[in-house]
Amino acid sequence: MHEFGPLDGALLIDKPVGPTSHDVVDAIRRRFQIKKAGHCGTLDPNATGLLIIVLGRGTKLSEKLMASDKVYAGAIRLGETTTSYDADGELTASLPVPLLTLEQLNEVAATFVGDQMQLPPMVSAVKKDGVPLYKLARKGIEVERKERLIHVYNFRFTSYQEPIGQFGVACTKGTYVRTLAHDLGEKVGCGAHLATLRRIVSGKFDVANALPLDKVLALSATELEKRVIPFLKLTREA
């Protein structure tokens, strides 16, 4: 039986706005001189919340951990469509927002619940011939993308003050919440984009148990070891 070291496992990070998921991995790898590290499920730079970082032999469990269902909370801005379907993109259309109640907005959101084929946005980490789509998008190149089967368990707005709706969504891996926002805007008839996004849950892990990135980087090596979910425990959680 293999012996596992104190850094074979996973860290739960509460990602801030700004860095990419890869930036977070690099920062932890450099700070603690860890050779093998990765993340389980990309969060856009503008998104915050739970990011599972796998370390050492924990990287072998990354696919299992990535396959888990996710829960998000965020805000959608109606009336404005962007190139990336979120606040980072360039504005492509601006239309008046029709009078809507919270109940009417939830009636539209309910139409997205269940199995569906979703087209990934051009500004995404999905690869075409080995090249991430976002790199092609930066060059102004748009390519044909394949729709992917996703499942939305729940999609509901908790409050609405025109033009911003606060929502929660539970879905399978690979779901682009930006695309849900964009498609909802089309159904409403005025367009929309994702204003903010925060990942709350991934599988059995909750952001309530995560540590902000800056606090992780301030830990000593010994303190870090105490935060690592051990490999064997991780296999039971995955």
Side-chain angles (χ1 to χ4, degrees), residues 1-74 124-127 132 148 150-154 167-178 196-238:
M1 187 174 177
H2 292 292
E3 285 189 17
F4 295 99
L7 295 182
D8 288 324
L11 273 174
L12 303 185
I13 303 292
D14 187 346
K15 187 186 98 61
V17 169
T20 65
S21 299
H22 189 67
D23 289 339
V24 174
V25 173
D26 275 352
I28 291 169
R29 187 189 285 131
R30 285 196 306 270
R31 167 68 182 85
F32 297 102
Q33 298 296 299
I34 298 169
K35 290 182 179 179
K36 287 185 74 174
H39 66 79
C40 302
T42 303
L43 278 176
D44 292 330
N46 205 32
T48 67
L50 183 61
L51 187 65
I52 302 173
I53 304 294
V54 281
L55 309 172
R57 290 185 193 167
T59 55
K60 294 179 180 179
L61 300 173
S62 58
E63 282 191 29
K64 277 189 175 183
L65 293 168
M66 273 194 278
S68 300
D69 296 334
K70 313 288 191 293
V71 177
Y72 298 92
S124 67
V126 174
K127 292 182 179 179
R148 303 193 298 186
I150 63 163
H151 184 87
V152 175
Y153 299 101
N154 185 45
F167 72 94
V169 62
C171 53
T172 52
K173 73 154 191 171
T175 301
Y176 277 91
V177 184
R178 286 185 280 139
T196 64
L197 187 68
R198 182 166 174 76
R199 185 152 63 203
I200 306 298
V201 173
S202 180
K204 295 181 180 179
F205 301 102
D206 194 297
V207 73
N209 300 314
L211 205 60
L213 177 62
D214 59 343
K215 290 190 176 180
V216 171
L217 297 177
L219 296 175
S220 67
T222 304
E223 289 170 332
L224 179 77
E225 290 176 7
K226 293 176 182 177
R227 296 290 310 187
V228 174
I229 301 168
F231 182 92
L232 293 177
K233 184 178 179 182
L234 206 57
T235 58
R236 295 192 293 270
E237 299 285 346

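Keep in mind that the numbers below use all heavy atoms, side chains included, and drop hydrogens, waters and symmetry copies.
- In this structure, P45 and K15 approach most closely via the heavy-atom pair O-NZ, 3.2 Å.
- For the pair I53 and I34, the minimum side-chain heavy-atom distance is 4.5 Å or more.
- R57 places no side-chain N or O within 3.5 Å of a backbone atom of D8 that could act as its donor or acceptor partner.
- The main-chain N or O of I150 is never found under 3.5 Å from a side-chain atom of T172 such that the two would form a donor-acceptor pair.
- Between the side chain of R199 and the backbone N or O of G41 there is at least one donor-acceptor pair closer than 3.5 Å.
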Report task. Please assess T48 against L43 for the test side-chain contact (heavy atoms from CB on, under 4.5 Å), listing each intermediate value before the final yes or no. Result -> CA-CA 7 Å; T48 67; L43 278 176; over 6 Å; no
Query raised in the report: Passes side-chain contact (heavy atoms from CB on, under 4.5 Å), L197 versus D44? Steps please.
Result: CA-CA 9 Å; L197 187 68; D44 292 330; 5.8 Å; no
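- Looking only at distances, no side-chain donor or acceptor of S202 sits under 3.5 Å from a matching main-chain atom of F205.
- Heavy-atom minimum distance, V228 versus G9: CG1-CA, 3.9 Å.
- Residue L234 holds its CG atom at 10.0 Å from CZ of R236, rounded to the nearest 0.5 Å.
- Between the side chain of E63 and the backbone N or O of K60 there is no donor-acceptor pair closer than 3.5 Å.
- You'll find the side chain of F32 stays beyond 4.5 Å of the side chain of L7, heavy atoms only.
- In terms of heavy atoms, E223 sits closest to L219 at OE1-CA, 3.4 Å.
- For the atom pair R29 CZ and H22 NE2, the distance stands at 6.0 Å (nearest 0.5 Å).
- The minimum heavy-atom distance between V17 and N46, with the atom names listed, is CG2-O, 3.6 Å.
- Partner C40 forms a side-chain contact (heavy atoms from CB on, under 4.5 Å) with one of L61, T59, L50, V54 and no other, that one being V54.
- Proximity of a side-chain donor or acceptor of K70 to a complementary backbone N or O of G174 within less than 3.5 Å is not detected.
- With values rounded to the nearest 0.5 angstrom, K204 atom NZ is found 11.0 Å from L65 atom CG.
- Of all heavy-atom pairs spanning N209 and R227, the tightest one is O-NH2, 3.2 Å.
- Shown here for C171 and Y72, the closest heavy-atom pair between the two residues is SG-CE1, 3.9 Å.
- In this structure, L12 and L211 have side chains that are not in contact, with every pair of non-hydrogen atoms separated by 4.5 Å or more.
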Requested in this report: Give the intermediate values and the outcome of salt bridge (charged side-chain N to carboxylate O under 4.0 Å, His left out) for residues D14 and R198.
Outcome: CA-CA 9 Å; D14 187 346; R198 182 166 174 76; 2.8 Å; yes
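- Interatomic distance, CZ of R31 versus CD1 of I28, reported as 11.0 Å (0.5 Å rounding).
- At least one donor-acceptor pair under 3.5 Å links the side chain of D23 to the backbone N or O of T20.
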